[in-house]
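Quick note: numbers below take in every heavy atom, side chains included, and nothing from hydrogens, waters or symmetry partners.
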Amino acid sequence: MTKMQNGTWPNVKTAGFDGFLISFGDQLNEPANRAALAFRDAVERANLAAVQETSTSLVSTYLRFDPLAFDHAAMREALMALLADRNWFEADLPQGRKLWRVPTVYEGDFAPQLDEAAQAAGLTRAEAIASISTSRVRVQTIGFAPGMPYLGALPEVWNIPRQTALNAQTPAGGLCVAIRQLVLFPVATPTGWRHIGQTAFRLFRPETDAPFVLRPGDEVMFAQTTPEAFAKMQSDPDGGAVSEAIT
């Protein structure tokens with residue numbers, strides 16, 4: 001196994017009667033997130049007949065299997081063999097990823113807590129906009145709400161805490177920041193993250209075959225746009241966003 005700073009990883013645990021959780025760390029960092037994404041891809045490519053579902057969190061891969069086709073011991077043995085195949089902390093990220101460029105407004109009511117977040121990060125408003133809008137961040141996981149991405153990592157100055165109180169409601173498409181991460185909300189919801197920008201990007205599309213637009217491993221840039229341009233993007237499900245293959 002590969003040794004990390006806080007112990008020996010990965011760590012394989014049973015999850016209920018039909019699942020396994022393979023963790024690559026006990027806190028978020030780039031190598032652990034990379035490993036989780038790469039290992040999930042490897043499990044799917046291995047075409048293990050008993051595996052029925054896979055997913056990732058920030059630093060773990062989860063799989064659900066048919067215990068009538070594979071008992072726990074056999075499944076664990078197959079997973080351990082796959083884990084021994086390479087150093088997952090340095091593995092290539094999955095193929096098929098996309099880079100999304102998402103127009104974002106950082107003005108007025110579209111960014112009600114930008115000044116507060118900038119102050120917490122020790123930046124001017126202009127510096128904060130420049131930092132966020134030029135950062136290329138990875139979709140580390142999808143969670144909390146349907147299709148909602150956790151994106152990072154931002155520069156160290158953005159290691160600011162979440163609020164102690166909740167915003168009553170952040171609108172769909174709201175871009176929020178805390179702990180060196182961005183989150184983009186698919187639906188209006190309360191949050192303790194600071195609302196620093198607004199997009200018209202529709203993340204959750206249940207009427208389609210692929211209801212989650214962003215996938216773990218994709219990358220995103222939140223390019224600055226104007227309120228006038230934003231108004232013209234409202235009827236576009238992509239909110240003016242464009243994507244390209246990452247090669």
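R215 places no side-chain N or O within 3.5 Å of a backbone atom of F212 that could act as its donor or acceptor partner. Listed for the T104 side chain is a donor-acceptor partner under 3.5 Å among the backbone atoms of V102. At distances below 3.5 Å, at least one donor-acceptor pair connects side-chain atoms of T134 with backbone N or O atoms of A130. T61 places no side-chain N or O within donor-acceptor distance of the main-chain N or O of T56, the cut-off being under 3.5 Å. Proximity of a side-chain donor or acceptor of T199 to a complementary backbone N or O of G173 within less than 3.5 Å is detected. Judged by distance alone, with hydrogens and angles left aside, the side-chain atoms of T208 form a donor-acceptor pair with the main-chain N or O of A210 at under 3.5 Å. E77 places no side-chain N or O within 3.5 Å of a backbone atom of A74 that could act as its donor or acceptor partner. N29 contributes a side-chain N or O that, together with a main-chain N or O of Q27, makes up a donor-acceptor pair within less than 3.5 Å.
Placement of W193 and L184 in two distinct hydrophobic clusters is found when ILVMFWY residues are connected by side-chain heavy-atom separations under 4.5 Å, directly or transitively. In the hydrophobic cluster analysis, where Ile, Leu, Val, Met, Phe, Trp and Tyr join through side-chain heavy atoms closer than 4.5 angstrom, I142 is grouped apart from F185. Residue L175 is grouped with residue W100 when hydrophobic side chains (ILVMFWY) are merged at heavy-atom distances under 4.5 angstrom, including chains of intermediate members. Cluster annotation: M148 is not connected to F222 through the hydrophobic network of ILVMFWY side chains, with a link wherever side-chain heavy atoms come within less than 4.5 Å. By the criterion of side-chain heavy atoms lying less than 4.5 angstrom apart, applied directly or through intervening Ile, Leu, Val, Met, Phe, Trp or Tyr residues, V105 is not grouped with L151; the two fall into different hydrophobic clusters.
Residues P146 and P211 form no side-chain contact, since every pair of their non-hydrogen atoms from C-beta on lies 4.5 Å or further apart. Contact check for P10 versus W88: no side-chain heavy atoms found under the 4.5 Å cut-off. For the pair Y150 and V139, the minimum side-chain heavy-atom distance is 4.5 Å or more. Taking 4.5 Å as the limit, some side-chain heavy atom of F144 sits within range of a side-chain heavy atom of T189. Contact check for Q169 versus T191: no side-chain heavy atoms found under the 4.5 Å cut-off. A heavy-atom distance below 4.5 Å is found between the side chains of R76 and V12. Two residues are said to be in side-chain contact when any heavy atoms from C-beta on lie closer than 4.5 Å; D218 and L99 fail this criterion. L83 places a side-chain heavy atom less than 4.5 Å from the side chain of F24.
Not a single side-chain hydrogen bond (donor to acceptor under 3.5 Å, both in side chains) links D71 to another residue, sequence neighbours left out.
Between E90 and R34, no side-chain nitrogen of the basic residue sits less than 4.0 Å from a carboxylate oxygen of the acidic one, so the salt-bridge criterion is not met. Ion pairing between R40 and E44 holds under the 4.0 Å rule for side-chain N and carboxylate O. Checked for salt-bridge contact, R180 and E156 meet the test: a charged N lies under 4.0 Å from a carboxylate O. Salt-bridge check for R138 with E30: passed, with a basic side-chain N closer than 4.0 Å to an acidic carboxylate O. A salt bridge links D238 and R205; the closest N-O separation between the charged side-chain nitrogens and carboxylate oxygens is under 4.0 Å.
Summarising the geometry of A128 relative to L123, their closest heavy-atom pair is CA-CD1, 4.0 Å, with the distance given to 0.1 Å. Between A50 and F70 the shortest heavy-atom distance is CB-CB, 3.6 Å. L21 and S60 get closest at one heavy-atom pair: CD1-CB, 3.7 Å. Minimum heavy-atom separation, M233 to A200: O-CB, 4.1 Å. Annotation for S133 and M221: closest pair O-CE, 4.2 Å, computed over non-hydrogen atoms. Taking all atoms of both residues into account, the shortest heavy-atom contact from P227 to E107 is CD-OE2, 3.5 Å.
The distance from atom CD1 of I196 to atom OG1 of T170, rounded to the nearest 0.5 Å, is 11.5 Å. Rounding to the nearest 0.5 Å places OH of Y62 at 15.0 Å from NZ of K13. Rounded to the nearest 0.5 angstrom, L28 CG and I179 CD1 are separated by 8.0 Å. Note that the CD atom of E244 and the CD1 atom of I246 stand 8.0 Å from one another [nearest 0.5 Å]. Remark: L203 CG to L214 CG distance equals 5.5 Å, nearest 0.5 Å. How far CZ of F65 is from CZ of F17: 9.0 Å, rounded to the nearest 0.5 Å.
Annotation for Q95: atom CD does not count as buried by contact number, only 12 or fewer foreign heavy atoms lying within 6.0 Å. By the 6.0 Å contact criterion, CD on Q52 is enclosed, its count of non-hydrogen atoms from other residues, nucleotides or ligands being greater than 12.
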Which pairs would a plain distance check flag for residues 110-121, meaning a side-chain donor or acceptor within less than 3.5 Å of a matching protein atom at least two apart in sequence or in another chain?
from	atom 1	to	atom 2	distance (Å)
Q113	OE1	N167	ND2	2.7
Q113	OE1	H195	N	2.8
Q113	NE2	Q163	OE1	2.6
Q113	NE2	N167	OD1	3.3
D115	OD1	R125	NH1	2.7
D115	OD2	R125	NH1	3.4
E116	OE2	R194	NE	2.9
E116	OE2	R194	NH2	3.4

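When hydrophobic side chains of Ile, Leu, Val, Met, Phe, Trp and Tyr are connected at separations under 4.5 Å, L93 ends up clustered with L37.
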- What's the verdict on side-chain contact (heavy atoms from CB on, under 4.5 Å) for L82 and V43, showing C-alpha distance, side-chain angles and the deciding distance? CA-CA 8 Å; L82 190 56; V43 169; 3.8 Å; yes
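Looking only at atom types and distance, the side chain of S23 has no donor-acceptor partner in the side chain of W9 under 3.5 Å away.
Between H72 and F20, the ring planes lie tilted relative to each other; the angle falls in the 30° to 60° range.
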